[in-house]
Undergrad: 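Pasting a structure below so you can have a look.
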Amino acid sequence: MYNSKDIEEKWQKQWDKDQLYKTPEHPKKKQYILDMFPYPSGAGLHVGHPIGYIATDILSRFTRMSGYDVLHPMGWDAFGLPAENYAIQSKVHPRITTRQNTDRFREQLKMIGLSYDWSHEINASDPEYYRWTQWLFLQFYKKGLAYKKEAYVNWCPKDQTVLANEQVIDGKCERCGTVVVQKLLSQWFFKITDYADRLLEGLEKLDWPKPIKLMQKNWIGRSEGAEIDFLLERKFKYVFLHGFDGSSKGSFWPWLINELENKKIQSLIFDLPNTNNPTEEEQVGFVLRNAQFDENTVIVGHSLGSVVGLKVIEKLRVKIAGYVAVGGFLEPKFKDHPRIFENSFKWNFDFNKIKANTGFRKVISDLNDEVVPAEQGRLLAKDLSGDLVETAAQKSHFQGRMEPAVMDAILPSIKVFTTRPDTLFGATYMVLAPEHPLVEQITTPEQKNYVINYVIETKKKTELQRTALEKIKTGVFTGAFTVNPATKEKIPVWIADYVLATYGTGAIMAVPAHDQRDREFAEKYKLPITDKPLLSVAEAIKKFGRAKVQYKLRDWLISRQRYWGAPIPIIYCENCGMSGEAGSASGGQMIPVPEEDLPVLLPTDVDFLPTGESPLARSKKFNQVKCPKCNGPARRDHDTMDTFVDSGWYFFRFTDPHNDKVFADKKKVKEWLPVDTYVGGADHAVLHLLYARFFTKALFDLKIVGFEEPFLKLRNQGNILGPDGTKMSKSRGNIVNPDEVVDQYGADSLRMYEMFMGPFEDAKPWSTTGIVGVKRFLDKVWRYQQVFEAGPDNKQIHKLVKKITSDIENFKFNTAVAAFMEFLNENKIMSKENWETFLILLAPFAPHITEELWQQLGHKESIHKQVWPKFDEKLTKEKMVAVVVQVLGRVRATLQVPSGSDQTVVKKLALADAKVKKNLEGKEIVREVFVQDKLINFVIK
RNA sequence: GCCGCGGUGGCGGAAUGGCAGACGCAAUCGACUCAAAAUCGAUCGACCGCAAGGUCAUGAGAGUUCGACUCUCUCCCGCGGCACCA
């Protein structure tokens, strides 16, 4: 028996003092071995936590001894909800609890003898760290990768914050299990969808567990298919209004009218009076006198015609179907000749009246317009609450002879995404998501109330209810019909919440003959199912649509309405918020905080009570800010960033943790990264691991780093379960505390037992009796030092070197520990030299006891500075081998023969064996199977 | 529902086409001891047999093979992921 406590504490102090694990400033031959960034919880470690740390520690020690410079750091993912929730209860500031918790964690990790270089320690909640989180946000912002938009987002009513899709599990909050609801909010997103394809392709080269790759692949959810347009069946009557200096024969009009005639659609176009010198009264009056308007009329105006259209609609006594502005504007500001109509038209509009008088409104604007600024289209669409289509016209300002975009805009069509364009003939109805933007436009007056009620009902449901297990499909008819482009049949348009607004186009063609869901819906609502012949995918795409790739992945929502996180470094200035400027929002113009003003510090004068608004909004200090542009009073963004943003880049910071000039020195990043071996739990498969890959790719595009994949090799540790075989948890009362285990058996025993329990990646229960096995082994090692003497046992030690080396490389730590035990069982006597080799092999597993024994042998230098032993392949081979003799596949004898013996020799010996002879008696050998050094099998008849 | 991983003694597990159960725990017996602990030695899948030996056995059933825990198919059970993704 040895006293683990004395020697473990002694050597831990000594190693600290000697800076044994100091990372070299610049590596010659590097390995970066990393554990996933832990959250320092208040409960401290249980024995399940360090299993991965022990594995990376063994690997790091082994790798150092094999001649590499190793970066093996540890730090804290210290921002997050638990510290904040604790603060709400206890009134203790998260900064204080975080400090206490990290101190506790560090102490426990040191107790286990882990060889981290603590001079590289980082903490995500430290301003020195989150300054660079904010800096990275600004780089993303500049590149358009960080943007703010209004969208339906996941909202946790308990934690009072929004969540990313990845953080909603089974419709519930990942943190607290509360059912998540959908809210329409303006939030910050990272544009991870831009990287969908690269995130998918990048997986191929990585040495990662297959299930993790598959989960990421499924999460990205790429599917190839087609987008197909279904034209609305409703017969509109068009009234066309040409622009300044135009005519019914000018620009695209003759082509458009001809196209509509072919489709048997009614249209009317005038030559407006005084086209070179128009006045509002004259033109509007002309239109009102010469055209008739009813519920099917659509007014389409080009350029100044769109203004005439608006003025006409203001004066109508009837409601019309819709209004389309092509290259329209609402102020006489032109690029070529400014303010030409300033006085002949009145530049104010009664938009409320216009909206009330029109079923739908649409603005189509040319992004390369040389006459009307594209901005005018945006403003017009906004004031109209209409759809905006920004496109590139054939000729600037839609002055081409043919403008297909105009056709698309005026003939309402519904786009669907399908992976089965070949079943187009079988599409017998169509379904839109209740949130689809066209719902209002296409619904007929008779169906309006039903549709409105259904949409309201849908909004009340949570995401969980919408996707509930029963999956009872509901829906309502809009009154509208579209035309199936393949069969030319009229098919009804429904809305139903089994169609998701957020995927594809938010609309589907329903093929009940081929799709289970569509069939269920069709049966319930008595919609036709008729089975039509298939056409080929290629043919369908070519004739009726265009190829399209869709992803399930959505952009990463990073705003959190909580306190304990990195503030989003954006300022809003009303003064600078000139209308129309890109980036303006209702709260003023968005201005990124200048880099030299970082970090935006978390204020201390806040209470943390979550109210749905970020606690930062209630800080006086935080909100006393001047606009960096105009120096006037301004307002800060009150939200903080998702903690997964902090952990998205921490592995860069570890290379250069205290740099106050850059987020990490370029040279150091280049020297150490990417991470060679990364170890952590499989629960981060689509969270942290996807985000970190996105970060790295984005930084690659920003030319900040020179590689695209952060983690070359990934291994997941299996959970250690409680002794009862269930997950360790406070509520079950089955938590095993490592402090007690170390106290009773020592850190070396804890380390070796965790490695011995079973395969590294499997879940396995802790056994309170099982650990005594490794403790007995270490006691045996301790006693052995007294008894070694000369012995010719080289073969065994060479075999052991080979076995331990390959087992560490392959993460087969359990069989490595078994091999140590076996070796000692089989070698009662050995030379001092071989004993020392044994200790060196054991050192990464049991660093304390081996160091003590090593120095007792008279060595002055640490065992952990020794060179990893090499083995001689020849010496690992046995001279004599056991060869099995089988008759009909059944073992009848075992022979000891010189290794490498050939078939004739083995056969001769086998046939001489009495038992074999007996089994072969009177039988004919029809075949012999011989595997050298393994077996010979006689097949008899 | 779909996708993935797994199922081996009383227990944790080993063996990835070639002697199933390495290594460890627990258990039983023995040595040492006045005794206990520690340590050392032996036994340890089931069944038949005094023994030599034989038969069965890796969730169930089939198949491929001279030979299957290992490969293929069907089913059962457990765990994890996704979940109306068109």
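This one's a predicted model, so the numbers in the text were calculated from it and none came from an experiment. What's counted below: heavy atoms across the whole structure, side chains too, no hydrogens, waters or symmetry copies.
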Undergrad: Tell me which nucleotide among B/rC66, B/rA86, B/rC82 gets nearest to the side chain of A/Arg927.
TA: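 Looking only at heavy atoms from C-beta outward on A/Arg927, the closest nucleotide is B/rC66.
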Undergrad: Using atom C1' of each nucleotide, how far apart are B/rG59 and B/rC76 to the nearest Å?
TA: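 Roughly 7 Å separates the two C1' atoms.
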Undergrad: Regarding A/Lys934, tell me which of base, sugar-phosphate or nothing describes its non-hydrogen contacts under 4.0 Å with the strands shown.
TA: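 Touches sugar-phosphate only.
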Undergrad: Nearest of B/rU39, B/rC66, B/rG53 to any side-chain atom of A/Arg776?
TA: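 The answer is B/rU39, which lies nearest to the side chain.
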Undergrad: Only counting residues at least two apart or in another chain, list the ones meeting side chain to side chain donor-acceptor pair (under 3.5 Å) with A/Arg776.
TA: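 A/Arg776 satisfies side chain to side chain donor-acceptor pair (under 3.5 Å) with no other residue.
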Undergrad: Could you list the residues that satisfy side chain to side chain donor-acceptor pair (under 3.5 Å) with A/Trp208, not counting sequence neighbours?
TA: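 Scan of A/Trp208 (side chain to side chain donor-acceptor pair (under 3.5 Å), adjacent residues dropped) gives none.
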Undergrad: When the C1' atoms of B/rU55 and B/rU43 are compared, how many Å lie between them, rounded to an integer?
TA: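 After rounding to an integer number of Å, I get 22 Å for this pair.
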Undergrad: Which of these nucleotides, B/rC25, B/rG53, B/rG18, is closest to any side-chain atom of A/Val772?
TA: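 Of all the options, the side chain of A/Val772 is nearest to B/rC25.
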Undergrad: Could I get the full list of salt bridge (charged side-chain N to carboxylate O under 4.0 Å, His left out) partners for A/Asp197, not counting sequence neighbours?
TA: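 Counting only residues at least two positions away or on another chain, A/Asp197 forms a salt bridge (charged side-chain N to carboxylate O under 4.0 Å, His left out) with A/Arg222.
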Undergrad: With sequence neighbours excluded, what pairs up with A/Glu539 under the salt bridge (charged side-chain N to carboxylate O under 4.0 Å, His left out) test?
TA: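 A/Glu539 satisfies salt bridge (charged side-chain N to carboxylate O under 4.0 Å, His left out) with A/Lys543 only.
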Undergrad: By the side-chain hydrogen bond (donor to acceptor under 3.5 Å, both in side chains) test, which pairs, at least two apart or in different chains, include something from residues 757-766 of chain A?
TA: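 Residue pairs passing side-chain hydrogen bond (donor to acceptor under 3.5 Å, both in side chains), neighbours aside: none found.
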Undergrad: Stem ranges for RNA chain B, with three or more consecutive Watson-Crick or G-U pairs under 3.5 Å?
TA: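 Consecutive-pair runs (3 or more) involving RNA chain B: B:1-7 with B:76-82, B:10-12 with B:23-25, B:27-31 with B:39-43, B:45-48 with B:53-56, B:59-63 with B:71-75.
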Undergrad: On a whole-Å scale, what distance lies between the C1' atoms belonging to B/rC84 and B/rC77?
TA: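 One C1' to the other, the span is 28 Å.
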Undergrad: So, OP1 or OP2 of B/rG24: does either fall under 4.0 Å of a side-chain N or O from A/Asn825?
TA: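 Looking at the OP1 and OP2 atoms of B/rG24, one of them is under 4.0 Å from a side-chain N or O of A/Asn825.
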Undergrad: Taking B/rG45 as the reference, what is the distance to B/rA27 when you measure between their C1' atoms (whole Å, please)?
TA: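 It works out to 15 Å between them.
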Undergrad: Under the side-chain hydrogen bond (donor to acceptor under 3.5 Å, both in side chains) rule, what do A/Asn825 and A/Lys780 come out as? Steps first, then yes or no, please.
TA: CA-CA 10 Å; A/Asn825 290 344; A/Lys780 209 178 196 176; 2.8 Å; yes
Undergrad: Is B/rG9 in the syn range, within 90° of 0, or in the anti range?
TA: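 Base orientation relative to the sugar is syn.
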Undergrad: Closest nucleotide of RNA chain B for A/Val817 versus for A/Gly504: which of these residues is on the 5' side?
TA: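 Its nearest nucleotide lies further toward 5', so the answer is A/Val817.
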Undergrad: Categorize A/Ser767 for me: base, sugar-phosphate, or nothing, with a 4.0 angstrom heavy-atom threshold over every strand shown.
TA: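 It contacts nothing in the nucleic acid.
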Undergrad: Can you tell if the side chain of A/Leu690 reaches within under 4.5 Å of the side chain of A/Phe644, non-hydrogen atoms only?
TA: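 A side-chain contact under 4.5 Å is absent here.
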Undergrad: Between A/Phe938 and A/Glu822, just flag the one whose closest nucleotide in RNA chain B comes earlier from the 5' side.
TA: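 Whichever sits nearer the 5' end wins; that is A/Glu822.
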Undergrad: Does the side chain of A/Lys803 reach to within under 4.5 Å of the side chain of A/Thr815, using non-hydrogen atoms?
TA: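 Heavy-atom side-chain distance check passes, below 4.5 Å.
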Undergrad: Using whole Å, what does the distance between atom P of nucleotide B/rG18 and atom CD of A/Gln932 come to?
TA: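 After rounding, the reported distance stands at 16 Å.
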Undergrad: Among B/rA86, B/rC23, B/rC40, which nucleotide sits nearest the side chain of A/Met821?
TA: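 My answer, after comparing the listed nucleotides, is B/rC23.
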Undergrad: Name the nucleic acid region contacted by A/Ser223, choosing base, sugar-phosphate or nothing; use a 4.0 angstrom heavy-atom cut-off, strictly under.
TA: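 Sugar-phosphate, no base atom in range.
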Undergrad: With rounding to whole Å, what would you report as the distance between B/rG54 and B/rG41 at their C1' atoms?
TA: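 These two C1' atoms come out 30 Å apart once rounded.
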Undergrad: Looking at A/Tyr2, is A/Lys775 sitting on its ring face, NZ or CZ under 6.0 Å from the six-membered ring centre and within 45 degrees of the normal?
TA: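 Judged by the rule, A/Lys775 and A/Tyr2 form a cation-pi pair.
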Undergrad: Quick one: list whatever passes side chain to side chain donor-acceptor pair (under 3.5 Å) with A/Ser223, sequence neighbours left out.
TA: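 Scan of A/Ser223 (side chain to side chain donor-acceptor pair (under 3.5 Å), adjacent residues dropped) gives A/Tyr503.
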Undergrad: Please produce a list of atom pairs where a protein N or O lies less than 3.5 Å from an N or O of nucleotides 45-50 of chain B.
TA:
none

Undergrad: What do the steps show when you test A/Asp518 against A/Lys473 for salt bridge (charged side-chain N to carboxylate O under 4.0 Å, His left out), and what is the final call?
TA: CA-CA 10 Å; A/Asp518 295 343; A/Lys473 294 185 177 34; over 6 Å; no
Undergrad: Would you say that A/Tyr525 contacts A/Thr474 through its side chain, given a criterion of any heavy-atom pair below 4.5 Å between the two side chains?
TA: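 SC-SC contact between A/Tyr525 and A/Thr474 confirmed.
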Undergrad: Starting the side chain at C-beta, find the nucleotide from B/rC66, B/rG18, B/rA86 nearest to A/Val939.
TA: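 Nearest nucleotide to the side chain: B/rC66.
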Undergrad: If I pick the P atom on B/rU70 and the same atom on B/rA20, what distance separates them, to the nearest angstrom?
TA: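 Looking at atom P only, B/rA20 and B/rU70 are 14 Å apart.
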Undergrad: Can you pull out the residues from residues 880-894 of chain A that lie within a 4.0 Å heavy-atom distance of RNA chain B?
TA: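 Correct list: A/Ala882, A/Val884, A/Gln886, A/Arg890, A/Val891, A/Arg892.
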Undergrad: Sugar-phosphate atoms are those with a prime plus P, OP1 and OP2; base atoms are the rest. Using that split, label each nucleotide of nucleotides 3-17 of chain B B, S or - for protein heavy atoms under 4.0 Å, 5' to 3'.
TA: SS-------BSSS--
Undergrad: Go through the structure and list residues passing ring-ring contact (aromatic ring centres under 6.0 Å, His included) with A/Phe838, not counting sequence neighbours.
TA: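 A/Phe838: ring-ring contact (aromatic ring centres under 6.0 Å, His included) contacts with A/Phe820, A/Phe823, A/Trp835.
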Undergrad: What do the steps show when you test A/Asp902 against A/Lys907 for salt bridge (charged side-chain N to carboxylate O under 4.0 Å, His left out), and what is the final call?
TA: CA-CA 9 Å; A/Asp902 65 20; A/Lys907 185 181 177 184; over 6 Å; no
Undergrad: Within the pair A/Tyr498 and B/rA86, is there a side-chain N or O less than 4.0 Å away from OP1 or OP2?
TA: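 Looking at the OP1 and OP2 atoms of B/rA86, neither is under 4.0 Å from any side-chain N or O of A/Tyr498.
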Undergrad: Pick base, sugar-phosphate or nothing for A/Lys918, based on heavy-atom distances below 4.0 Å to the nucleic acid.
TA: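 Here A/Lys918 touches no strand at all.
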Undergrad: Holding to side chain to side chain donor-acceptor pair (under 3.5 Å), I want the full list of residues that pass it with A/Thr193, two or more places apart in sequence or in another chain.
TA: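 Result, side chain to side chain donor-acceptor pair (under 3.5 Å) vs A/Thr193: A/Asp555.
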Undergrad: Taking only the P atom of each, what is the distance from B/rC2 to B/rU8 in whole angstrom?
TA: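 One P to the other, the span is 26 Å.
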